[in-house]
Amino acid sequence: MSSQEFIDLRSDTVTLPTDEMLEAIRRARLGDDVFEEDPTVKRLEEMAAEKMGKDAALLVTSGTQANLVSLLSNTRRGDSIILEAESHIYYYEVGGLSFIAGLLPILVKGKNGYMNPSDIEAALRPKDIHYPETTLVCIENTHNRAGGTIIRPEQIKAINEVAKAHGLKLYMDGARIFNAAVALKTDVKNFTKHVDNLMFCLSKGLSCPVGSIVVGSRDFIERARKFRKMLGGGMRQAGIIAAPGIIALEKMIDRLEEDHRNARLLAEGLSKMEGISIDLSTVQTNIVMFNVSGLGISAYNFVELLKSKGVLCLPFSDTKVRMVTHRGIERHHIEKTLAIIEELGSKILNRG
Ligand code: TLP
């Protein structure tokens with residue numbers, strides 16, 4: 001089976017650029033962006049800053065690089081920072097926060113990705129010669145491992161109030177922040193106005209081939225630009241990456257609603273199947289997380305079996321499976337996936 005024939009629900013990172021994006025790449029006006037002379041990069045960064053209601057923005061290579069340069073720019077080595085216990089920064093970024101940024105993570109367990117402000121407050125330690133200084137709180141929106149759940153604007157506001165009461169900055173890993181804004185039918189600024197700075201990804205649901213953007217104050221972005229260079233992320237004719245980013249911001253945001261509809265359809269179908277359990281209240285955007293332990297097999301086996309039937313997805317623990325909808329997935333793919341899982345599930349259960 002060629003990779004084109006699979007129904008690929010592993011991630012929205014697998015989206016391919018649209019023809020319009022490829023055409024924009026071909027036509028892009030280019031310059032050397034380390035000299036800040038690429039007009040296409042400049043335009044994208046201005047658009048991003050404007051959309052997010054902040055002063056400035058910086059194009060970086062990936063979400064992981066965006067988080068790392070943001071941590072470096074918001075803190076000093078040896079600081080401690082507060083993170084949700086299953087946050088991407090802590091869980092999936094190769095420990096860069098400690099290895100490279102020299103930070104000590106303090107983990108706070110959230111509910112559906114949301115850290116209760118009183119739990120944040122409880123995790124803070126007083127100024128004392130024995131303790132590192134805590135300087136930053138990080139939130140993730142939507143929250144990946146919680147199943148694409150939304151941290152609502154009023155919840156961010158509440159976290160920021162605690163952060164500010166203790167002199168801390170608030171940073172948002174907003175890799176999928178447009179999914180949150182589209183799902184709540186609200187302007188993305190309603191989320192961003194409560195954080196000091198953030199990043200979002202172009203290369204996920206927005207379908208760009210590469211790139212993420214860090215957004216914040218002018219000072220912060222100047223620091224980020226230097227750290228990006230240090231990490232090897234200073235790019236030359238980066239307009240070829242920025243050109244599809246411009247199309248993404250102009251044209252690819254509203255369609256995320258379709259991904260959310262497909263995720264809902266998938267989740268509702270799964271909820272009716274024997275051996276599978278799913279909390280429908282967590283299906284708020286384009287991620288569907290479900291538990292297969294009722295089938296008596298591990299998530300790893302389930303994923304392998306589905307692959308042999310032409311559906312790709314990822315195990316997220318021993319028992320949990322994640323499926324993500326995106327521009328390459330249409331309603332008929334969801335219907336086919338559900339039929340395949342139904343058949344697989346009844347075979348497994350009848351065998352036992
Ligand atoms: N997440 C990927 C995997 O790493 C799990 C995915 O398929 O969802 N923040 C969040 C919330 C993310 O979900 C991701 C990617 C990143 C940061 C990192 O982005 P990249 O992959 O561009 O480095």
Side-chain angles (χ1 to χ4, degrees), residues 8-17 48 58-72 81 83-97 99-101 105 110 112-115 138-151 156 171-181 183 188 191-192 195 197-215 228 231-233 235 238 241 244-245 248 256 259 263 282-289 299 303 312-317 320-329:
D8 194 345
L9 295 161
R10 286 173 301 172
S11 183
D12 44 10
T13 57
V14 303
T15 44
L16 298 174
L58 184 76
L59 175 66
V60 298
T61 59
S62 66
T64 301
Q65 189 177 68
N67 282 334
L68 187 53
V69 301
S70 298
L71 293 179
L72 286 161
I81 63 169
L83 297 155
E84 203 284 320
E86 300 219 19
S87 60
H88 197 279
I89 293 178
Y90 179 72
Y91 216 96
Y92 289 118
E93 300 187 6
V94 208
L97 82 164
F99 189 89
I100 300 174
N112 291 342
Y114 173 61
M115 295 179 284
C138 299
I139 56 172
E140 184 174 312
N141 206 5
T142 63
H143 194 291
N144 188 342
R145 283 190 62 83
T149 47
I150 299 167
I151 318 294
I156 306 176
Y171 169 72
M172 179 161 69
D173 171 349
R176 298 185 177 85
I177 192 60
F178 285 114
N179 290 86
V188 73
F191 297 86
T192 59
V195 301
N197 38 63
L198 71 140
M199 74 85 158
F200 70 93
C201 293
L202 296 167
S203 62
K204 299 194 165 62
L206 300 185
S207 295
C208 288
V210 190
S212 291
I213 302 191
V214 176
V215 195
R228 181 187 69 173
L231 296 174
M235 297 177 283
I241 293 173
L256 294 173
D259 300 342
T282 65
V283 185
Q284 301 171 4
T285 55
N286 68 328
I287 297 181
V288 179
M289 199 77 83
V303 166
L312 300 178
C313 54
L314 291 178
F316 257 54
S317 74
K320 275 202 278 182
V321 173
R322 186 188 80 164
M323 292 184 167
V324 184
T325 55
H326 51 81
R327 208 183 95 253
I329 297 295

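Note that ligands are numbered from 1 as they come in the structure, with each ligand's atoms numbered from 1 the same way.
- Although no hydrogens or angles enter the test, the distance criterion places a donor-acceptor pair under 3.5 Å between the side chain of R145 and the main chain of F316.
- A distance-only check finds a donor-acceptor pair linking the side chain of T285 to the backbone of G148 [under 3.5 Å].
- Within 4.0 Å of ligand 1, contacts by protein heavy atoms are made from S11, S62, G63, T64, N67, H88, E93, E140, N144, D173, A175, R176, M199, K204, R322.
- A side chain to side chain donor-acceptor pair (under 3.5 Å) check over residues 197-206, counting only residues at least two apart or in different chains, returns the pairs N74-N197.
- The side chain to side chain donor-acceptor pair (under 3.5 Å) test applied to S11 returns T13, not counting sequence neighbours.
- No side-chain donor-acceptor contact under 3.5 Å links E93 to the backbone of L97.
- Not counting sequence neighbours, the partners of Q284 by the side chain to side chain contact (heavy atoms under 4.5 Å, CB included) test are T149, I150.
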